[in-house]
Amino acid sequence: MKQIHFGLMSIATLLLTFALFVFLAYSYNLITFTYDYDQGEGFELVDTILFSQFEYPYQNTDKYPYYSSNYPPLYHVIAAPFVWVFGEGYWYGRLLSAVSTLIASLAIMYAVQRETQHRWIALISGLAFISSNTIYHIGPLFRQHIMMVMFETVAVVILAKAVLQKRNWHIWVGLLLIILAGYTKQLAAITAMAVLGWMVLRNPRYGIVRGIVFVLAGGAIFLLLTVTTNGEWWRQTILANVNEFNPFQTFGLTLLWLRLHLLLIIPAVLLVLYELYLDRLSLYSVWFVIATVLGAFGSGTWGAGDSYFATSIAGMCILSGIFFGRLLNQQWQINWNNFYSRLLKPLRRLTILTPIIMIVIPSLYIGYSVMTLKMPTEGGIFGVVAQVANIQPNVFGRHYDSATYNVLGYANIGHFVTQEDHNNGDRIVNLIRETEMPVMSEEAGFSIVAERDVITNPTQLRNLWLNGLWNGDDLLNQLENQEFGLIIFRAQFYPVPVLEVVGQQYEISEIIPMNGFEYLILRPRSSQEE
């Protein structure tokens, strides 16, 4: 039986290591790409450039260049020194995100190893995190979400033991990391709620005192940002982030989360139930439950998506790893006089469960690796693997994703960019350079490379407009007067009034494909007619 267990564990490790290899190849592929890959990356770069110039990106969107950010500053502040040394580029933001993904994976490994002393299960748990389609998606993007998850995960791993042992220095470090997560992305408020709630449950007085200090420290930073930006921080990052909710998107993404991760969700939930009825709730359990419920709800808001399950996936990997490690090491400490535990007494004599467990656990990891499979189906190594395993592409004819791209809110990313994508990006930039008039591009990367002003942040204008916070008279007048030589659309995420005026005053001159999307190049109608 030990030989079978070893063989199955080796297969699981090999498959999950392949997922890590795909992630690293994907990261390298994006790091070498000059333009936006995921919608909005260019505006993250703009924020970084502004911070490198000691300017806030929280600006008045009613005045030229009508730009503002709706994200907290930390991710961009960390990336800003790269601008000083290397200039403007996407590669360092994507590298920071890829490294953040690996650090979160290592934190998961450490947590499982510390709780179970089972190194192999700990290794597989960390690899399982990277294997998730959602984590793979956002891992190497120039976006702040995965860095938030990294700070959250490291904080929870520190606090899970530090609070129980009342190690004050470690507790303050953990709480500081949660503040850092919150000022990386606002969604970290979910983890803050879970941590503070658990601390109060464990020791009300102890938790409340530290919670007050935590809130005061975080609030002081918030107040400073609000005052020093003349209120734009409050307007742009809080008021403008109240987006419409689509229950169908939440439902679809939750079903997708279940379909992809079910084999690890089940053991994670079993450990939560064990702690609830036979032990004491750990921080990991509270974190996992709250992050799953609130993350699922948040995933249905406009602009959200499967990334809102990323924190839950980190908790799932830790809990499932601890559950499997304890099963293999027989580390359960059960009070058999407990009412609920008495129902489990017959299991104490079923020694036949041990060999079954040794087969089931690695089999679940093997199944999980197959359920979360995604990879290119072209190229030297990947093409051979796809041919041998008979893996057919289901994305753009060159990539396979077990999730498919058919779920509302699931990001249309994960495929590798090609040389054609590079060439077509350069083609769009050349069109901008040939235009003497200002250019309004829905993605900032083209304007940055062409050394032109980045005009507007479309999704931010849309959010402000929907919340009644945008006065777009100046921009609309410029569009009405055809003061832009080119307008570049990809998803048309602008306020409706902007789209209406563009439709009246501009028309499509050509369509350029890049990265699986069609970029619409619009010119003033008068010039077209001439």
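Atoms considered below: every heavy atom in the structure, side chains included; atoms not considered: hydrogens, waters and symmetry mates.
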Counting N and O atoms only, with roles assigned by atom type, does the side chain of [X] sit under 3.5 Å from a partner on the main chain of [Y], one being a donor and the other an acceptor?
{"X": "Arg235", "Y": "Ala240", "answer": "no"}
{"X": "Thr116", "Y": "Gly325", "answer": "no"}
{"X": "Ser105", "Y": "Gly126", "answer": "yes"}
{"X": "Thr301", "Y": "Phe245", "answer": "no"}
{"X": "Thr32", "Y": "Asn29", "answer": "yes"}
{"X": "Asp38", "Y": "Glu41", "answer": "no"}
{"X": "Glu443", "Y": "Gly40", "answer": "no"}
{"X": "Ser447", "Y": "Val454", "answer": "no"}
{"X": "Tyr37", "Y": "Gly414", "answer": "yes"}
{"X": "Asn467", "Y": "Val242", "answer": "yes"}

Is the centre of the [X] ring less than 6.0 Å from the centre of the [Y] ring?
{"X": "Phe33", "Y": "Tyr90", "answer": "no"}
{"X": "Phe297", "Y": "Tyr308", "answer": "no"}
{"X": "His137", "Y": "Tyr410", "answer": "yes"}

Which residues share a side chain to side chain donor-acceptor pair (under 3.5 Å) with Tyr368, sequence neighbours left out:
none
Could you give me the CA-CA distance, side-chain angles and deciding distance for Tyr494 and Asn457, then say whether side-chain hydrogen bond (donor to acceptor under 3.5 Å, both in side chains) is met?
CA-CA 8 Å; Tyr494 287 93; Asn457 179 344; over 6 Å; no
Of all the heavy-atom pairs spanning [X] and [Y], show the shortest one and how long it is.
{"X": "Phe288", "Y": "Ser312", "answer": "CD1-O, 3.5 Å"}
{"X": "Ile138", "Y": "Ser307", "answer": "CG2-CB, 3.8 Å"}
{"X": "Arg94", "Y": "Leu30", "answer": "NH1-O, 2.7 Å"}
{"X": "Gly42", "Y": "Asp36", "answer": "N-OD2, 2.8 Å"}
{"X": "Trp198", "Y": "Val286", "answer": "CD1-CG2, 3.8 Å"}
{"X": "Thr311", "Y": "Thr191", "answer": "CG2-OG1, 3.8 Å"}

Using side-chain hydrogen bond (donor to acceptor under 3.5 Å, both in side chains), reason through Thr13 and Trp120 one step at a time and then give a plain yes or no.
CA-CA 9 Å; Thr13 305; Trp120 207 342; 2.7 Å; yes
Could you check whether [Y] and [X], counting side-chain N and O atoms only, form a donor-acceptor pair closer than 3.5 Å?
{"X": "Gln460", "Y": "Gln236", "answer": "yes"}
{"X": "Asn70", "Y": "Asn241", "answer": "yes"}
{"X": "Thr459", "Y": "Trp302", "answer": "no"}
{"X": "Thr228", "Y": "Tyr56", "answer": "yes"}
{"X": "Gln144", "Y": "Glu44", "answer": "yes"}
{"X": "Asn133", "Y": "Thr372", "answer": "no"}
{"X": "His415", "Y": "Tyr405", "answer": "yes"}
{"X": "Glu275", "Y": "Tyr284", "answer": "no"}
{"X": "Tyr71", "Y": "Arg143", "answer": "yes"}
{"X": "Thr61", "Y": "Trp470", "answer": "no"}
{"X": "Ser97", "Y": "Tyr75", "answer": "yes"}

Decide yes or no on side chain to side chain contact (heavy atoms under 4.5 Å, CB included) for Asn168 and Arg210, but give the supporting numbers first.
CA-CA 10 Å; Asn168 284 327; Arg210 279 149 186 79; 3.1 Å; yes
Hey, mind stepping through Tyr110 and Val157 against side chain to side chain contact (heavy atoms under 4.5 Å, CB included) and telling me if it holds?
CA-CA 8 Å; Tyr110 175 77; Val157 170; 3.7 Å; yes
Before accepting this row, confirm whether a basic side-chain N of the pair Asp474/Lys63 lies closer than 4.0 Å to the acidic partner's carboxylate O.
no
Between Glu115 and Lys161, is there a salt bridge with N-O shorter than 4.0 Å?
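Salt bridge flag = yes for Glu115 with Lys161.
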Can you confirm whether [X] sits close enough to [Y] that some side-chain heavy atom of one is under 4.5 Å from a side-chain heavy atom of the other?
{"X": "Leu159", "Y": "Leu177", "result": "no"}
{"X": "Met150", "Y": "Thr184", "result": "no"}
{"X": "Val498", "Y": "Trp465", "result": "no"}
{"X": "Pro140", "Y": "Tyr26", "result": "yes"}

side-chain hydrogen bond (donor to acceptor under 3.5 Å, both in side chains) between Ser68 and Gln59, worked out
CA-CA 5 Å; Ser68 184; Gln59 301 177 356; over 6 Å; no
Could you tell me whether [X] atom [atom1] has more than 12 heavy atoms of other residues or ligands within 6.0 Å of it?
{"X": "Phe18", "atom1": "CZ", "answer": "yes"}
{"X": "Met371", "atom1": "CE", "answer": "yes"}
{"X": "Glu451", "atom1": "CD", "answer": "no"}
{"X": "Phe82", "atom1": "CZ", "answer": "yes"}
{"X": "Arg259", "atom1": "CZ", "answer": "yes"}

Walk me through it: do Tyr58 and Trp234 pass the test ring-ring contact (aromatic ring centres under 6.0 Å, His included)?
CA-CA 9 Å; Tyr58 317 112; Trp234 170 257; over 10 Å; no
Apply ring-ring contact (aromatic ring centres under 6.0 Å, His included) to residues Tyr35 and Phe446 and explain how you reach the verdict.
CA-CA 7 Å; Tyr35 305 108; Phe446 303 122; 5.5 Å; yes
Between OG on residue Ser131 and CG on residue Leu16, distance to nearest 0.5 Å:
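Ser131 OG to Leu16 CG: 5.0 Å, rounded to 0.5 Å.
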